[in-house]
Amino acid sequence: MSTELWLGLITGIIFGALLQQGRVARFEKQVGAMLLKDMTILKFMLTAVIVGMIGINLLVEFGLVPLSIKSTVLGANLIGGAIFGIGWAIVGYCPGTSLAAIGEGRFHAIPAVIGMLVGAGIYAEVEPALKDNILSWGAYGKLTLPGILDISPWPIIGVLTILFIALFSYFEQHDL
């Protein structure tokens, strides 16, 4: 097995452990998030975004990794987001948390994983037919906020970090 695969496996195990420790793999937390009554999952995601923004940009800045931005394609993003959201609402789990739930012994999440695999297979079959129409609608190229504003990413990272921490603090003050 290659180094990249080992690193991916180790990272996945750590991520799963963090999901479990954050209790975001619990069905009641998923439903609470969808009902906007429990912000545990949003707080977990905000923390991951802050760490990811800083970590990835530091790695890029020190020349340790290249930054490869995917093109912005509104049609693909809207359809993918809708399918993701509908699936999450139906089964009560997103892909990562469904696997973490199974790891915790919550076997009612198995249909969610089966659904993801079936959905991925269906997508693989229909993607060539959709590639030149729906999946190319609203193609804007490789957009980033720093690129649009023509500035370094660090001011944006600073502002977003402050906003996310303020939102996190608001959630904590209101027991969300």
Inset, instruction - Take Met53 and Thr161 through the test side-chain contact (heavy atoms from CB on, under 4.5 Å) and record every step on the way to the result. - result: CA-CA 9 Å; Met53 282 189 307; Thr161 299; 3.9 Å; yes
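- Contact between Gly22 and Thr40 at its shortest, heavy atoms only, is O-CG2, 3.5 Å.
- Val113 and Val91 end up in different hydrophobic clusters when Ile, Leu, Val, Met, Phe, Trp and Tyr side chains are linked at under 4.5 Å.
- Between the side chain of Asp132 and the main chain of Pro128, no donor-acceptor pair closer than 3.5 Å is present.
- Leu135 places a side-chain heavy atom less than 4.5 Å from the side chain of Glu127.
- Inter-residue side-chain proximity for Thr47 and Phe168 is flagged as met; some heavy-atom pair is nearer than 4.5 Å.
- Grouped with Trp6 in one hydrophobic cluster are Met1, Leu5, Leu9, Ile13, the linkage being side-chain heavy-atom contacts under 4.5 Å among Ile, Leu, Val, Met, Phe, Trp and Tyr residues.
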Inset, instruction - Start with the C-alpha gap between Ile50 and Ile165, add the side-chain angles, then the distance that decides, and say whether side-chain contact (heavy atoms from CB on, under 4.5 Å) holds. - result: CA-CA 9 Å; Ile50 290 169; Ile165 291 171; 4.2 Å; yes
Legend entry - side-chain contact (heavy atoms from CB on, under 4.5 Å) between His174 and Met39, intermediate numbers included: CA-CA 10 Å; His174 291 85; Met39 297 297 145; over 6 Å; no
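- Annotation: side chain of Trp154 is in contact with side chain of Ile157 (closest heavy-atom distance under 4.5 Å).
- Note that CG of Leu149 is 8.5 Å distant from OG1 of Thr144, once rounded to the nearest 0.5 Å.
- By the criterion of side-chain heavy atoms lying less than 4.5 angstrom apart, applied directly or through intervening Ile, Leu, Val, Met, Phe, Trp or Tyr residues, Val126 is not grouped with Phe84; the two fall into different hydrophobic clusters.
- Considering CG of Leu46 and CG of Leu167, their distance stands at 5.5 Å, rounded to 0.5 Å.
- Between Trp88 and Met34, the closest side-chain pair of non-hydrogen atoms falls below 4.5 Å.
- Atom CG of Leu74 has more than 12 heavy atoms from other residues, nucleotides or ligands within 6.0 Å.
- Both Ile122 and Met116 are assigned to one and the same hydrophobic cluster, defined by single-linkage of ILVMFWY side chains at heavy-atom distances under 4.5 Å.
- Contact check for Tyr93 versus His108: side-chain heavy atoms found under the 4.5 Å cut-off.
- Taking CG of Leu78 as the reference point, atom CD1 of Ile134 lies at 11.5 Å (rounded to 0.5 Å).
- Side-chain atoms of Lys43 come within 3.5 Å of backbone atoms of Leu176 as a donor-acceptor pair (strictly under, hydrogens ignored).
- Gln21 CD to Ile14 CD1: the interatomic distance, rounded to the nearest 0.5 Å, is 13.0 Å.
- When side chains are defined from C-beta on, Glu104 counts as touching Gln20, because their heavy atoms get closer than 4.5 Å.
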Inset, instruction - Would you check, one step at a time, whether the test side-chain contact (heavy atoms from CB on, under 4.5 Å) holds for Leu18 with Phe44? - result: CA-CA 9 Å; Leu18 291 171; Phe44 185 88; 4.2 Å; yes
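- In this structure, Arg23 CZ and Asp38 CG are separated by 8.5 Å, a value rounded to the nearest 0.5 Å.
- Follow the hydrophobic side-chain contacts under 4.5 Å out from Ile156 and you never reach Ile162; the two are in separate clusters.
- In this structure, CG in Leu130 is found 7.0 Å from CD1 in Ile79, a value given to the nearest 0.5 Å.
- For the residue pair Ile69 and Leu143, the shortest heavy atom distance occurs at CG2-O, 4.2 Å.
- Here the closest non-hydrogen pair linking Val73 and Trp137 is CG1-O, 3.6 Å.
- Taking the side chain as every heavy atom from C-beta outward, Lys131 and Ser136 never approach each other to under 4.5 Å.
- Following chains of ILVMFWY side-chain contacts shorter than 4.5 Å, one can reach Val65 starting from Val49, so the two form part of one hydrophobic cluster.
- Scanning all heavy atoms of the two residues, the minimum distance from Leu19 to Gly96 falls at CD1-O, 3.7 Å.
- When all heavy atoms are compared, the tightest approach of Ala25 to Arg106 is O-CD, 4.1 Å.
- Using a 4.5 Å heavy-atom cutoff, the side chains of Thr97 and Gln30 are in contact.
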